[in-house]
Amino acid sequence: MRAFTYERASSPAQAAAAVAGTKGAMFIAGGTNLLDLMKLEIATPAHLVDVQDIGLGDIEETDEGGLRIGALVTNTALAADMRVRKDYAVLSRAIVAGASGQLRNKATTAGNLMQRTRCPYFYDANMPCNKRAPGSGCAAMEGFSRQHAVVGTSDKCIATYPGDMAVALRVLDAAVETVMPDGKTRSIPIADFHRLPGDEPQVDNVLQKGELVTAVTLPKPVGGRHFYHKVRDRRSYAFALVSVAAVLHDDGTGRVAFGGVAHKPWRVEEAEALLPEGAAAVVERAFAGARPTGQNRFKIALAERTLAGVMTEARS
Amino acid sequence: MSAIGPDGMTRRGVLATGAVTAAMTATNARARVTGAKSDPAAGPTPMPLTFEVNGKLVELSLDPRTTLLDALREHLRLTGTKKGCDHGQCGACTVIVNGQRINSCLSLALMHEGDAVTTIEGLGTPDDLHPMQAAFVEHDGFQCGYCTPGQICSAVSVLQEIAAGVPSHVTGDITGKIAATRAEMTERMSGNLCRCGAYANIADAMTQIAEAQS
Amino acid sequence: MKFDAPAGSNVIDEAKVVGKPNTRIDGPLKVSGKAPYAYERHDVAANQAYGWVVGAGIAKGRIVSMDIDDALAAPGVLGIVTAPETEPVAKGVGNNVSAFGGSEISRYHQAIACVVAETLEQARAAAQLVRTRYESADGRYDLEASRENAPLSGDPQTSGDFDGAFAAAPVQVDSTYSTPGESHAMMEPHATIAAWEGGKLTVWTSNQMVNWSRQSLAKMLGMDIADIRLDSPYVGGGFGGKLFIGADAVLAVLAARKVGRPVKVALQRPLVTNNTTHRQGTIQRIRLGAQADGRITAIAHENWSYNVAGATGEEATAQTPQLYAGANRLVAEYCTVLDLPEGNAMRAPGEAPGHLALEVAMDELAEAVGIDPVELRILNEPDTMPGDPEKKFSDRNLVRCLREGAERFGWSARSTTPAARREGRWLIGMGVAAGYRGSPGMASAARVRLETGGRVVVETDMTDIGTGSYTIIAQTAAETMGVPIEAVTVRLGDSNFPASAGSGGQWGAACSTSGVYAACVELRRKIGEKLGFDADSADFVDGQIRAGNRRFDLADAGSLAAEGEVSFGEFRNGYDVGTYAGHFCEIAVDAYTGETRVRRMLSVCDAGRILNPITARSQVIGAMVMSVGMALMEELAVDKRFGLFVNHDLAGYEVPVHADIPQQDVVFLDTLDNVASPMKAKGVGELGICGPGAAIANAFYNATGIRVREYPITLDKYLTDLPTPA
């Protein structure tokens, strides 16, 4: 871990300005991914701005009938909030499918959105990785790629976004609110927040230097039955091979997003329109253009079967 | 085949721009370089920290890079909290901060100014065991003992989390009351690896305490 | 005490303390965080500095240059030990590679430097400033590709005419299985504190075999063994991964010498997998020829594995000469040289993956013959060791294990048709496997002291790696000396104590307690001499001694000490001394997603006298957990281009978690093996990993009708073959 200087910010605007104005500065909240990466010098901030004292720890109801989730609300607090459990159950279920109780107690809403890939080549500084060391190549494509993305990939990177929470946020049409160093705010639809790797796999999302996530907003409840089915090799405390977040209605319509298959939560609206036709039709459309490797081709079949299982459960 | 000699400076040049690895495959480029560029920064200035550990006020002056785990183990010599992986992958470092369990390896000590930390040493002593510690002994909820403090800190917290109604991955109705079933406990304990495989015995120990509490 | 004839009746048969379910005497220390592990010995040496290990960034080749100037100039750095400036240290006991030194790189994350600083943070940061330039060489990393040309490892064991008998057999099974490399993944990383005082060295480390490792250090450092002390009282898991001296100890020792201060080193977790040893992968071909009634007439087990040059593979045929009858036999081991990290012992080396093949082949044979798999095994139970018929079984109750297990498990409810039992979306299946693991005899010594007041203190360099050594040793001394267990103090793991068998090969419990028993017998004799009675015919009970009509308090003897050692005589070689189990499992497989859930596990074990049913049971359930890992998830993923195990941390290498493990049942048959040891006890710690994985695989087949012969059984291998969901 490189040496860094440390300060505790007292407001969102001050934090954003501090990061924007200091070379090599980064925000730190829960720290559960950042410190992991700093120990390996995959992240090397020269200055850390600790945001735990800037407020943003509450969940409020919005005028539109939805919820505004403060950026610093922990995963545990968000999953346990009774309004979320009742009206946005897919979000609660996605959160508790991820990580461990200890990590969820520390990890924050904003930090969860920001977590980086778990590609083992990204994590090993001796290996080529375009996400960690742009231009060095991608070791995963011809290597150990069982966990990797099958769709939305580029010839530079096949990493996945590893989180669960954002997959649920994607089916809920959440938005990410931010503040810029100059004090301006913006709202980014969750669909646009994470990037596909393209030619710049080192860039995970659309945030700019010093831009601070302040909240995630949920529109008013969409009803339906909520599911989050995460498939992994062991039963808990593992990243998804495939996950399915779904909100399904009695008339057979609904929304569905997939985790563990792409560089971002993967939802294709035209595909979910095919839900009444069954899981195969949805997956065929959602994964059109998929470029799996020999090792991760199974994920497409798994996505279909997992969705089929969820749809069966919804009918029961 | 060798790529040293005239090529050497080129490799260093690559290095200086931040690309750590100069080879894509084992066949196309054999010279490899590892290591970071020189860091001109001097040693970091120690910073003060005041917090409570096991009920006692503690003041430390720490390198900002010090994790809560290393502050406990190396500075306060509270070595009951274990380092298994140092990367949030095993749970051996679990401590309870302000009533919530966390992985102390993935938290900077300085971020705990004013916090109240409970470690395994704060739960009980060999002569005066916490009920969960005693239940672990009774049910042989450990073998080598290395993951054990983390398991116990988690176990104590898990029963509190269930009582507080925090849902888990295996909770059926997440809007209803949650019972301390074996499935609930084992799911919530899954962030604590035990390679000796004492899981079934830990579940028995926790069940005993949960029943006593209900 | 020379154990050169079967044990007769002895004081252990009283079984007043031995065999009782005492909770661990080290338990209160462990659950309160007060048991000191190697890296935590702040008290043993002042002014400890921190070492950080630098691992090689290539798998094969050599270091061209190493620039340490910036690292040396970094804040707090006290010194750096580098491999190029160090002669390769000699291989110690059990090592297949040198732990450190020289410019040649033979494995990924091989230790190439140790940066020592005042603080951990400084050492870690400075280690990143060590710049190393390598010249890579081509390596061989693919077992499958190397299989064809792999040479035999040792002579094949043959009897009768396998080829002829197999060809003539009306029922044949010919199946090939593969098992991946596996990592010990013990929770405590390898760690050492080293301190020099003049020419004398003390090493506080995490090690299973104190005496071997002390010898190793003497050899590596060219020192007189008398000048080295090694202390390992608490070991945070080993499973074979801490049998030998590794880079952590060598680097701590060299670094401490270099900086003139005690140095502590823990191998960073991401380095553990490639830097240390692993269980090698295997490819196993099994051919079984049987009569129509299921009697085996021909049995062949061929195994292909790998290692570094000059070392042996993972010898998965180990159990095959013992388990099943059959007159015509072939067992052959092939071992190819690969440039992967060093392979070495991991819990039941050989048998653990061997059962994953043999016991599935038996399941395949049962189906082919059309009889119950439990009955097939019983039908082929031999009278003497099948691979060496001159050898008698010391005491073998495998049939009882299987019958009793089937009864307890409700085996009769198993559907004989695969994929026939469903509960909603779940496919349910049951499986069985037999288990065999040898129980070697290894010499073991101890010192027992009677203190004024009657307290008994046992000292031996035996280790407790979670196995329960502290407790069963205390029980043994309490039984033999006739005192309550509370009156016994046990001190372990210090090389100043008499050399024990150590913890390995599932010999630790039976041998170390036998050594303690031997020392106690000596102490009883000394007490008899001092007080004037014949100790061998006296009774030591409740702190008192009854010798004929005479009565003494044990405390009357004052302060006395005795040493004793058990050693195992030739007579034992006339027997196959084995441990046996019947393993049963029920699993559920999600017909949609292919997720597997182990629902129930039962192991019925035959391992002679059970010294403590609590700790023995924990050994078995722990091994069953590891078996779940072997069967369903554990795999060291080889990158065949870069030559490393890619998933080299505890996130990438998945071991079972709490949620994977159901309630587990263990039954110990009430048996005694008087050939095994004076305690009439055998090992049990590895028996539990010999078979349960195969029972899972067989249950998976019973649930789904799909035979996955490539471990681990992960859903990508069978997903699209699953029956249509109901």
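Interface check for chain B: of the options Ala651(C), Ala35(C), Ala71(C), Pro270(C), the most heavy-atom pairs under 4.5 Å are formed by Ala651(C). By number of non-hydrogen pairs under 4.5 angstrom with chain B, the leading residue of Ala266(C), Ser32(C), Gly622(C) is Ser32(C). Taking chain B as the reference chain and counting heavy-atom pairs below 4.5 Å, the highest number among Val657(C), Ile661(C), Val625(C) is found for Val657(C). For the options Arg124(C), Met626(C), Gln664(C), heavy-atom pairs under 4.5 Å to chain B are most numerous at Met626(C). Of all the listed residues (Gly27(C), Ala56(C), Ala73(C)), the one sharing the greatest number of non-hydrogen pairs under 4.5 Å with chain B is Gly27(C). No other option in Gly141(B), Cys196(B), Pro149(B), Gly80(B) has as many heavy-atom pairs under 4.5 Å with chain C as Cys196(B). No other option in Asp63(B), Asp140(B), Leu123(B), Leu193(B) has as many heavy-atom pairs under 4.5 Å with chain C as Asp140(B). Note on Met186(C), Glu121(C), Arg347(C), Arg269(C): by heavy-atom pairs under 4.5 Å with chain B, the leading option is Glu121(C). Chain C forms the most heavy-atom pairs under 4.5 Å with one residue out of Thr125(B), Thr67(B), Asp70(B), Asp86(B), and that residue is Asp70(B).
If you measure heavy-atom distances from Met187(C) to chain B, the contacts under 4.5 Å come from both the backbone and the side chain. Asp649(C) touches chain B through backbone and side chain together, each having a heavy atom under 4.5 Å away. There is no contact between His169(B) and chain C, counting heavy-atom distances below 4.5 Å. Heavy-atom distances place no part of Leu78(B) under 4.5 Å from chain C, backbone and side chain included. Proximity to chain B involves both the backbone and the side chain of Gln619(C), based on heavy atoms less than 4.5 angstrom apart. Arg182(B) touches chain C through its side chain: at least one heavy atom from C-beta onward sits under 4.5 Å away, while N, CA, C and O do not. Of the atoms belonging to Ser183(C), it is backbone heavy atoms, and not side-chain ones, that fall under 4.5 Å from chain B. In this structure, no portion of Gln48(C) lies under 4.5 Å from any heavy atom of chain B. Heavy-atom distances place no part of Tyr141(C) under 4.5 Å from chain B, backbone and side chain included. Residue contact with chain C, scored on non-hydrogen atoms closer than 4.5 Å, involves the backbone of Glu138(B) exclusively. Only the backbone of Ile465(C) comes within contact range of chain B, with heavy atoms under 4.5 Å apart.
By the 30° and 60° cut-offs, the orientation of the rings of Tyr234(C) relative to Tyr470(C) is parallel.
With values rounded to the nearest 0.5 angstrom, Ile120(B) atom CD1 is found 10.0 Å from Thr94(B) atom OG1.
Nearest heavy-atom pair, Gly241(C) versus His184(C), reported as atom, atom and distance to 0.1 Å: N-CD2, 3.2 Å. Closest approach of Leu72(C) and Val77(C) over heavy atoms only: O-CB, 3.8 Å. Closest heavy-atom contact between Val31(C) and Phe136(B): CG1-CB, 3.9 Å. When all heavy atoms of Pro64(B) and Leu110(B) are compared, the closest pair comes out as CA-CD1, 3.6 Å. Contact between Ala135(B) and Ala205(B) at its shortest, heavy atoms only, is O-CB, 3.5 Å.
Using a cut-off of 4.0 Å between Lys/Arg side-chain N and Asp/Glu carboxylate O, Arg195(B) and Glu182(C) are scored as not salt-bridged. Remark: Arg600(C) does not engage Asp665(C) in a salt bridge, criterion side-chain N to carboxylate O under 4.0 Å.
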Could you go through the salt bridge (Lys or Arg N to Asp or Glu O under 4.0 Å) check for Asp67(C) and Arg133(C) one step at a time?
CA-CA 9 Å; Asp67(C) 176 354; Arg133(C) 302 179 61 240; over 6 Å; no

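Looking at His658(C) and Gln151(B), their side chains do bring a donor and an acceptor atom within 3.5 Å of each other.
Both tests pass for Lys264(C) against the ring of Tyr39(C): distance under 6.0 Å to the centre and angle within 45° of the axis.
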